Amino acid sequence: MLATRSIALPARGPVAVACKPRSSLRHVKPLNVAAPEKAEVVIAAMELEERISAHVPESQPSTSQPAVASQLDIEAAERKARRQREQSTYKYAAIAATAGVTGIAVLTTWLRFYWHLRDDGVMPWGELAATLSLVAGGVFAMEMWARWAHKVLWHDFEPGWALHKSHHMPRTGPFEANDIYAIMNAVPAMALCLYGFITPNIVGGLCFGAGLGITLFGIMYMFVHDGLVHRRFPTGPVGDLPYMKRIAVAHQLHHSGKYGGAPWGMFLGVQELDAIPGAREDLERLVENLDAQGGLAALERKPRT
Ligand SMILES: [Zn+2]
Ligand SMILES: [Zn+2]
Ligand SMILES: [Zn+2]
């Protein structure tokens with residue numbers, strides 16, 4: 001069990017409103033207990049939600065213990081159903097954004113070098129090498145930027161924390177205020193790509209590469225952070241890769257605040273923990289626990305931290 005998983009999430013949304021007279025009962029059962037998988041409970045929850053949205057008062061439940069338990073089961077199943085709807089909303093937004101950005105990146109890269117070849121008659125290999133090394137450099141620079149900005153601008157700086165704290169609290173819809181940072185990082189990336197695209201020399205090639213690097217980092221970050229770690233969409237077998245597991249658990253340690261918020265970066269978070277005495281051993285122990293629970297995919301059925 002990860003340390004961060006033990007935080008009980010407060011109940012929220014329509015059910016919490018609908019069950020006002022029973023609000024004290026919400027604490028009878030810890031809310032981080034996995035929801036029952038029974039299909040009929042999910043269906044019951046859907047019907048309950050339909051009644052709520054249609055403003056039909058629900059029948060008065062009896063006060064006996066089994067009724068209390070089933071009421072809690074319905075609440076848990078309703079939360080699960082809502083979570084799945086939010087997950088699919090976010091998933092389609094993420095797929096559309098990734099497909100759009102990747103398509104534009106591939107097309108502009110091809111066009112840029114195609115025009116060179118057409119006009120000069122030779123492939124500008126030097127410029128291509130410069131572009132590619134700036135893609136790698138851009139990804140690395142973004143990891144270093146994230147390491148710095150995540151701590152100094154998003155946590156320690158009050159206006160930055162105003163947005164980022166939405167990511168450290170239970171999400172209340174498909175998106176969170178923190179998602180604005182992803183859009184903000186897209187602005188310099190697009191500016192660099194655009195400048196590089198219309199500038200047919202080595203400087204243009206470098207800017208174009210840097211813009212692509214920031215974009216690639218953004219896509220990787222979204223996949224690993226939002227998908228793999230926070231389960232906002234399914235990520236398939238990628239989470240079984242040993243290093244991916246360590247990246248995910250390292251980020252869980254950021255959320256737990258155990259090492260004063262470290263690691264602040266994402267892909268080199270494991271290296272950040274290496275610098276803290278005992279932290280790497282702790283990470284390995286948590287990875288072992290995760291494996292014993294069936295890996296990252298098993299977290300899909302549990303609430304987000
Ligand atoms: Zn944070
Ligand atoms: Zn996170
Ligand atoms: Zn989190």
Side-chain angles (χ1 to χ4, degrees), residues 1-10 32 83 86-87 89-91 93-94 97-98 139 142-186 217-235 238-239 241 243-273 275-276 279 282-283 286-287 289-290 295-305:
M1 199 81 184
L2 295 174
T4 49
R5 294 278 161 205
S6 59
I7 299 162
L9 300 176
N32 60 339
R83 207 175 96 86
E86 289 173 2
Q87 227 190 9
T89 302
Y90 179 83
K91 183 173 79 184
T98 305
V139 171
M142 283 301 288
E143 171 70 13
M144 292 299 127
W145 159 255
R147 198 182 267 193
W148 180 82
H150 187 183
K151 181 181 193 305
V152 177
L153 297 184
W154 306 351
H155 276 258
D156 297 346
F157 180 54
E158 202 54 51
W161 174 244
L163 285 180
H164 185 59
K165 76 176 169 206
S166 67
H167 178 58
H168 284 268
M169 293 198 280
R171 203 182 305 113
T172 51
F175 300 101
E176 51 194 37
N178 184 60
D179 293 335
I180 290 166
Y181 284 121
I183 296 160
M184 274 163 57
N185 282 334
F217 179 87
I219 293 170
M220 284 161 60
Y221 195 96
M222 186 167 73
F223 186 82
V224 170
H225 177 254
D226 297 347
L228 204 67
V229 183
H230 293 302
R231 318 308 308 172
R232 289 173 83 176
F233 51 85
T235 48
V238 179
L241 295 170
Y243 190 68
M244 286 294 170
K245 250 182 269 183
R246 280 161 180 78
I247 288 175
V249 175
H251 186 69
Q252 293 289 356
L253 281 171
H254 164 65
H255 278 272
S256 77
K258 196 169 177 182
Y259 296 101
W264 301 97
M266 174 61 48
F267 302 102
L268 299 178
V270 179
Q271 278 74 5
E272 278 182 74
L273 290 175
I276 302 167
D282 199 17
L283 177 80
L286 289 167
V287 169
N289 288 354
L290 179 66
L296 282 170
L299 299 180
E300 201 117 295
R301 295 187 294 274
K302 292 176 186 173
R304 167 184 184 269
T305 53

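From a predicted model like this one, the values you see are computed outputs, not experimental measurements. Atoms within each ligand, like the ligands themselves, are counted from 1 in listed order.
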- State which residues pass side chain to side chain donor-acceptor pair (under 3.5 Å) with Y259; sequence neighbours excluded, sorted by chain then number. D282
- Query: Among the N, O or S atoms that H251 has, which is closest to the Zn ion (ligand 2)?
  - Reply: NE2
- Could you check whether the rings of H255 and H230 sit parallel, tilted or perpendicular, using 30° and 60° as the cut-offs? perpendicular
- For D156, enumerate each residue passing the side chain to side chain contact (heavy atoms under 4.5 Å, CB included) test, keeping only those at least two apart in sequence or located in another chain. K151
- Note on the structure: Counting only protein N, O or S atoms and ignoring waters, those under 2.8 Å from the Zn ion (ligand 1) are H150 NE2, H155 NE2, H164 NE2, H168 NE2, H254 NE2
- Kindly say whether the aromatic ring centers of H168 and W154 come within a distance under 6.0 Å. no
- Note on the structure: Across all chains, not counting sequence neighbours, the side chain to side chain contact (heavy atoms under 4.5 Å, CB included) partners of E143 are F217, M266, F267, L268
- Task: Could you tell me how the ring of H155 sits relative to the ring of H150: parallel (under 30°), tilted (30 to 60°) or perpendicular (over 60°)?
- Result: tilted
